[in-house]
Amino acid sequence: SKGSDEIRIAFVTNQIADFWNIAKAGCRDAEKDLGIKVVVKMPPEASVVKQKQIVEDLISSGVKGIAISPLDADNQIAWLDKIAKKVPLITHDSDAPKAKRLCYIGMDNYKAGRMCGELVKEALPDGGAVMLFIGRLEQDNSKHRRQGVIDGAFDRSNDPDRNDAPDAQITSENGKFQLIGTYTDQFDRARGKANVEDALSRHPDLACVVCLFGYNPPLAIEALRGAGKLGEVKIVAFDEDPSHIKAILLIVAQGCEYVLEKPRPRVLMTEFGDYSKKFMLYAWIDDYNNERFARDLLLMDIDAAFERE
């Protein structure tokens, strides 16, 4: 019901991102299903100070529960415990396992990271030099995700508590794979692209870039295209970002023999489905009689492109 009896809970993210817009849509559906009010708050930047201020203000406003993605779990435990004494607290996306939260809702990032590591081995059957790209390593999900990739790609034992240093350079026991470093960008997209460009410049033998946050893959595609190494250097991506989907669709369209260069192909994200994101690809041809052939070729190439992903 509306008014003073309305139950208000808060959903707090770690920054502003397309990923969180999907979660926000889920919160809006939950409002309708459960008859509650969900206050969604996204810090304008990945700042522990700003995230803390947002939560303190929510507590003062009288919310009855908080779901949060902690930015720096190891250094937020005492504060999270104080919040948990005031209202029910859960973590989502990134956990704070040592805090007194009720539960964590999200994936096992170490296990998922190991799965990503297996993709690295598929992408490089003969091995090679690998570089990791991620937003930041202070978050619990980031640490486990990165470690899972390293352990999975290098055929190490299963150990979620293992934590290789950010600047670690590691060679697999069989000598096939070399981790030559990890770049962080603190959610700065320009820096994220520049990191890939720097890695390509410093390491001509780089064989694979592993992108661990959703926005990293499209930045890597841009950097590799600019360096003339798109397709030569492999990309393995953990998260899926709408920009990545758009980039793949545009690459396919631009490579289609029927599609004109001008007007340039365009991709629009049109809506959220219950369990999907819907996109529309616009491309132009010079002879409508070829429309069926162009559509067939595009669909076949799109299917193949996503199968490779």
Side-chain angles (χ1 to χ4, degrees), residues 14-15 17 43 45-49 51 69-77 93-98 106-121 124 127-173 176-203 205-217 219-220 223 233-239:
N14 55 19
Q15 62 154 345
E45 58 187 81
S47 165
V48 172
V49 173
Q51 190 180 57
S69 179
L71 273 162
D72 189 355
D74 289 345
N75 294 309
Q76 288 180 296
I77 295 172
D93 181 55
S94 185
D95 196 13
K98 296 179 182 178
M107 73 173 74
D108 182 329
N109 278 277
Y110 178 77
K111 183 181 293 185
R114 289 193 70 101
M115 294 171 66
C116 188
E118 292 297 322
L119 293 178
V120 173
K121 291 190 289 187
L124 299 177
V130 178
M131 185 74 79
L132 308 184
F133 298 87
I134 194 167
R136 59 201 305 274
L137 287 172
E138 292 83 354
Q139 299 164 208
D140 187 78
N141 61 348
S142 301
K143 296 174 185 176
H144 285 96
R145 190 175 298 185
R146 171 182 177 270
Q147 194 62 53
V149 171
I150 297 171
D151 291 354
F154 286 39
D155 290 322
R156 288 167 150 190
S157 62
N158 195 70
D159 184 2
D161 294 325
R162 187 183 287 123
N163 188 19
D164 289 312
D167 59 352
Q169 296 185 347
I170 305 169
T171 300
S172 62
E173 287 190 7
K176 289 179 60 177
F177 293 94
Q178 303 83 41
L179 172 66
I180 52 179
T182 301
Y183 279 86
T184 61
D185 54 53
Q186 300 300 316
F187 299 134
D188 182 331
R189 272 47 170 185
R191 182 175 169 186
K193 180 182 177 183
N195 282 346
V196 181
E197 293 170 338
D198 184 67
L200 293 171
S201 175
R202 290 174 180 270
H203 304 281
D205 61 337
L206 182 61
C208 180
V209 299
V210 182
C211 303
L212 296 178
F213 275 13
Y215 61 84
N216 290 128
L219 300 178
V233 176
K234 304 300 182 182
I235 301 176
V236 174
F238 187 94
D239 271 339

Legend entry - Sub-4.5 Å side-chain heavy-atom contact between Gln76 and Val48: yes
Inset, instruction - Report the distance from atom CG of Leu206 to atom OG of Ser201, rounding to the nearest 0.5 Å. - result: 11.5 Å
Legend entry - Any side-chain heavy-atom pair of Leu137 and Gln147 under 4.5 Å: no
Inset, instruction - Report the residues that fulfil salt bridge (charged side-chain N to carboxylate O under 4.0 Å, His left out) with Arg146, sequence neighbours left out, ordered by chain and then residue number. - result: none
Inset, instruction - State, with a plain yes or no, whether a side-chain heavy atom of Val130 is found less than 4.5 Å away from one of Ile180. - result: no
Legend entry - From OG (Ser47) to CG (Leu71), nearest 0.5 Å: 7.5 Å
Legend entry - Intermediate values then yes/no, salt bridge (charged side-chain N to carboxylate O under 4.0 Å, His left out), Lys143 and Asp161: CA-CA 10 Å; Lys143 296 174 185 176; Asp161 294 325; over 6 Å; no
Legend entry - Student check: side-chain heavy atoms of Ser172 and Asp155 closer than 4.5 Å: no
Inset, instruction - Working to the nearest 0.5 Å, report the span between CG of Asn216 and CZ of Phe238. - result: 12.0 Å
Legend entry - Evaluation steps, side chain to side chain contact (heavy atoms under 4.5 Å, CB included), between Ile134 and Asp185: CA-CA 7 Å; Ile134 194 167; Asp185 54 53; over 6 Å; no
Inset, instruction - Report yes if some heavy atom in the side chain of Arg189 is under 4.5 Å from a heavy atom in the side chain of Tyr215; otherwise report no. - result: yes
Legend entry - Asn14 versus Gln139, closest heavy-atom pair with distance: ND2-NE2, 3.5 Å
Inset, instruction - Give every residue pair that meets the ring pair (Phe, Tyr, Trp, His ring centres under 6.0 Å) criterion with at least one member in residues 138-172, sequence neighbours excluded. - result: none
Legend entry - Taking every non-hydrogen atom, the tightest pair across Phe213 and Ser142: CZ-OG, 3.1 Å
Legend entry - For Gln169, all residues meeting side chain to side chain contact (heavy atoms under 4.5 Å, CB included), sequence neighbours excluded: none
Legend entry - Nearest heavy atoms of Pro166 and Thr182, plus distance in Å: O-CB, 3.5 Å
Inset, instruction - Would you please name every residue forming a salt bridge (charged side-chain N to carboxylate O under 4.0 Å, His left out) with Lys234, sequence neighbours left out? - result: none
Legend entry - Phe177: ring-ring contact (aromatic ring centres under 6.0 Å, His included) partners, not counting sequence neighbours: none
Legend entry - Note, Val236 side chain near Val209 side chain (heavy atom, < 4.5 Å): no
Inset, instruction - Would you name the heavy atoms of Ala112 and Met107 that are closest together and state the gap between them? - result: CB-SD, 3.6 Å
Inset, instruction - Report the residues that fulfil salt bridge (charged side-chain N to carboxylate O under 4.0 Å, His left out) with Arg162, sequence neighbours left out, ordered by chain and then residue number. - result: Asp151
Inset, instruction - State, yes or no, whether a side-chain contact exists between Lys121 and Glu118 at a heavy-atom distance under 4.5 Å. - result: yes
Inset, instruction - Under the ring-ring contact (aromatic ring centres under 6.0 Å, His included) rule, collect the residues that match up with Tyr110, sequence neighbours excluded. - result: none
Legend entry - Shortest non-hydrogen contact between Ala220 and Val196, atoms and distance: CA-CG2, 4.1 Å
Legend entry - Interatomic distance, Leu219 atom CG to Cys211 atom SG [nearest 0.5 angstrom]: 8.0 Å
Inset, instruction - Kindly write out the residues that satisfy side chain to side chain contact (heavy atoms under 4.5 Å, CB included) with Asp205, not counting sequence neighbours, or none if the list is empty. - result: Ala129, His203
Inset, instruction - Under the side chain to side chain contact (heavy atoms under 4.5 Å, CB included) rule, what do Asp198 and Lys193 come out as? Steps first, then yes or no, please. - result: CA-CA 9 Å; Asp198 184 67; Lys193 180 182 177 183; over 6 Å; no
Inset, instruction - Please check if the side chain of Ser94 supplies one atom and the backbone of Asp140 the other of a donor-acceptor pair under 3.5 Å. - result: yes
Legend entry - Residues that Thr171 engages under side chain to side chain contact (heavy atoms under 4.5 Å, CB included), provided they are two or more places apart: Gln178
Inset, instruction - Mind checking ring-ring contact (aromatic ring centres under 6.0 Å, His included) for Tyr183 and listing every partner two or more places apart, or none if nothing turns up? - result: Phe133
Inset, instruction - Could you tell me whether the side chains of Gln15 and Gln51 share a donor-acceptor contact shorter than 3.5 Å? - result: no
Legend entry - Distance, nearest 0.5 Å, that separates CG of Asn109 from CZ of Arg114: 14.0 Å
Inset, instruction - Report yes or no: does Arg145 contribute a side-chain atom to a donor-acceptor pair with the main-chain N or O of Leu212 at less than 3.5 Å? - result: yes
Inset, instruction - Can you establish whether the number of heavy atoms outside Arg202 located under 6.0 Å from its atom CZ is more than 12? - result: no
Inset, instruction - Could you tell me whether a side-chain N or O of Asn195 sits under 3.5 Å from a main-chain N or O of Thr184, the two making a donor and an acceptor? - result: yes
Inset, instruction - Any chance you could lay out the salt bridge (charged side-chain N to carboxylate O under 4.0 Å, His left out) test for Lys98 and Asp74, step after step, and finish with the verdict? - result: CA-CA 8 Å; Lys98 296 179 182 178; Asp74 289 345; 5.0 Å; no
Legend entry - Heavy-atom closest contact (Ala199 atom, Met131 atom, distance): CB-CE, 4.1 Å
Legend entry - Listed partners of Asp95 passing salt bridge (charged side-chain N to carboxylate O under 4.0 Å, His left out), at least two apart: Arg101
Legend entry - Test side chain to side chain contact (heavy atoms under 4.5 Å, CB included) applied to Glu138 - qualifying residues, sequence neighbours left out: Asp72, Arg136, Gln186
